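To start, the structure itself, in structure tokens.
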Amino acid sequence: MTAAARPRRPAGKLIPAIYCQLGAMLLVAAMRPLLPVSVWHAEALVWLQGASAALLSYLLRQPMWWCWIHLLFPPALWWAHSNGISGQYGMVGFIVSALVFWRTAGGDAPLYLSSDSVADGLARLAETERAKNLVELGAGIGSVVVPLARRLPDLQITAVEQAPLPWLVLRWRCRRLPNVTVCFRNFWECSLAGSDMVFAYLTPAVMPRLGLKCAAEMEGKSLLVSSAFVLPDAVPEMVEKLDDNPANALFCYRVSTLQADRAV
């Protein structure tokens, strides 16, 4: 496995996030003597803490959703405390969020839900390509896999998902679909060798890494299909427009082209 395709550990993203909050605490402590007495109260200070952490997160170039998490986390804790909400509820909420957004802590995409038009467009592409198998990286709860498997029962689909709760929902929804194999694993560790098509709905931040992984592991005639987001410095072979959202599309890349670009 190449260095570009090697999976990153969640701690590699969590540690900078912790540093942001700790750094913000130091900033607030340093600024407090300079602030007017009118803002020396908890509500103002927790918002200042959140804003400082969000700024540090932005300067460290963390994904944008981390900035929102940093901004809202201290005020949310203070609001819960002020309203007498038990810390147990916060712990339950944290556990549920972690089980749903498992990959996000590692820097990958959060849970996105696709419309039926994505499955329809993917089905048209699979028929045009005469694909025998397809791998979806980060299948979520099966918003694409389930309708696609029902429309093309001869297409063998591998649905890869790592977040525990979405995986459980995905596994349940696919229990009567014999042409779907559900895998509980990190998709960066999943081999794409022998795949006719790979579909992904991720984020712009991981698209360069996805292109390198596909170029390294897939055959040249295979097709990478990305929903909504393009590969930087690569021209799609075709763009499949979606019926319900003209602003969105499926961007299709022939792997042989990606391999040629990588060789240059």
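This structure is a prediction, so every number in the text was calculated from the model and none was measured.
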Consider only side-chain heavy atoms of I, L, V, M, F, W and Y, link residues closer than 4.5 Å, and tell whether Val239 and Val198 are in one cluster.
-> yes
Is the side chain of Tyr253 donor-acceptor paired with the backbone N or O of Leu258 at a distance under 3.5 Å, no angle test?
-> no
CD of Gln162 to SG of Cys183: how many Å apart, nearest 0.5 Å?
-> 12.5 Å
Can any side-chain N or O of Lys213 pair as donor or acceptor with the backbone N or O of Leu192 at less than 3.5 Å?
-> no
Can you check whether Leu242's main-chain N or O pairs, donor with acceptor, with Asn248's side chain at less than 3.5 Å?
-> no
With the 4.5 Å side-chain cut-off for hydrophobic clustering, are Leu71 and Leu59 part of the same group?
-> yes
Hey, quick one: are Trp68 and Leu55 part of the same hydrophobic cluster, counting side-chain heavy atoms closer than 4.5 Å, chains of contacts allowed?
-> yes
Interatomic distance, Leu212 atom CG to Glu217 atom CD [nearest 0.5 angstrom] | 10.5 Å
4.5 Å side-chain heavy-atom contact, Leu134 and Leu152 | no
Might you point out which heavy atoms bring Ala149 and Val180 nearest each other, and give the distance in Å?
-> CB-CG2, 3.4 Å
Gln49 side-chain N/O to Gln21 backbone N/O, donor-acceptor pair under 3.5 Å = yes
Taking atom CD of Glu136 and atom CD1 of Ile157, what is their separation to the nearest 0.5 Å?
-> 8.5 Å
Is the backbone of Ala53 close enough, under 3.5 Å, to the side chain of Ser57 for a donor and an acceptor to pair up by distance?
-> no
To the nearest 0.5 Å, how far apart are CZ in Phe73 and SG in Cys20?
-> 13.0 Å
Evaluate whether atom CE of Met238 has more than 12 neighbouring non-hydrogen atoms of other residues, nucleotides or ligands under 6.0 angstrom away.
-> yes
What's the shortest heavy-atom distance between Leu250 and Leu122, and which atoms?
-> CD1-N, 3.7 Å
Does a side-chain heavy-atom distance below 4.5 Å link Val118 with Phe199?
-> yes
In Å, rounded to the nearest 0.5 Å, how long is the span from CG of Leu210 to CG of Leu202?
-> 6.0 Å
Residue pair Ala126 / Leu155: nearest heavy atoms and the distance that separates them = CB-CD2, 4.2 Å
Give a yes or no answer on whether the side chain of Asn179 reaches the backbone of Asp154 with a donor-acceptor pair at less than 3.5 Å.
-> no
What one should report as the nearest heavy-atom pair of Ser226 and Met207 is OG-CE, 3.2 Å
The side chain to side chain contact (heavy atoms under 4.5 Å, CB included) partner of Val160 among Phe184, Phe187, Trp188 is Phe187
Honestly curious: do Leu224 and Val235 fall in one hydrophobic cluster under the side-chain, below-4.5 Å linking rule?
-> no
Is it true that atom CZ of Arg130 has more than 12 heavy atoms of other residues, nucleotides or ligands lying nearer than 6.0 Å?
-> no
Under the 3.5 angstrom rule, does the side chain of Glu129 hit a backbone N or O of Ser222 as a donor-acceptor pair?
-> no
CG of Leu56 to OG of Ser52, rounded to nearest 0.5 Å, is 7.0 Å
Go through the steps for Asp261 and Asp233 under the test side chain to side chain contact (heavy atoms under 4.5 Å, CB included), then give the verdict.
-> CA-CA 9 Å; Asp261 293 340; Asp233 302 322; over 6 Å; no
Do any N or O atoms from the side chain of Arg254 and from the backbone of Lys221 form a donor-acceptor pair under 3.5 angstrom?
-> yes
Arg173 side-chain N/O to Ile141 backbone N/O, donor-acceptor pair under 3.5 Å = yes
Is it true that a side-chain atom of Arg150 and a backbone atom of Pro147 form a donor plus acceptor pair closer than 3.5 Å?
-> no
How far apart are the closest heavy atoms of Lys241 and Ala249, and which atoms are they?
-> CD-CB, 4.3 Å
Specify the closest pair of heavy atoms between Ala139 and Leu170, including all atoms of both residues, with the distance to one decimal.
-> CB-CD2, 3.8 Å
Between Trp172 and Val182, is there a shared hydrophobic cluster once you connect ILVMFWY residues whose side-chain heavy atoms come closer than 4.5 Å?
-> no
State whether the number of non-hydrogen atoms from other residues, nucleotides or ligands found under 6.0 Å of Arg171 atom CZ is greater than 12.
-> no
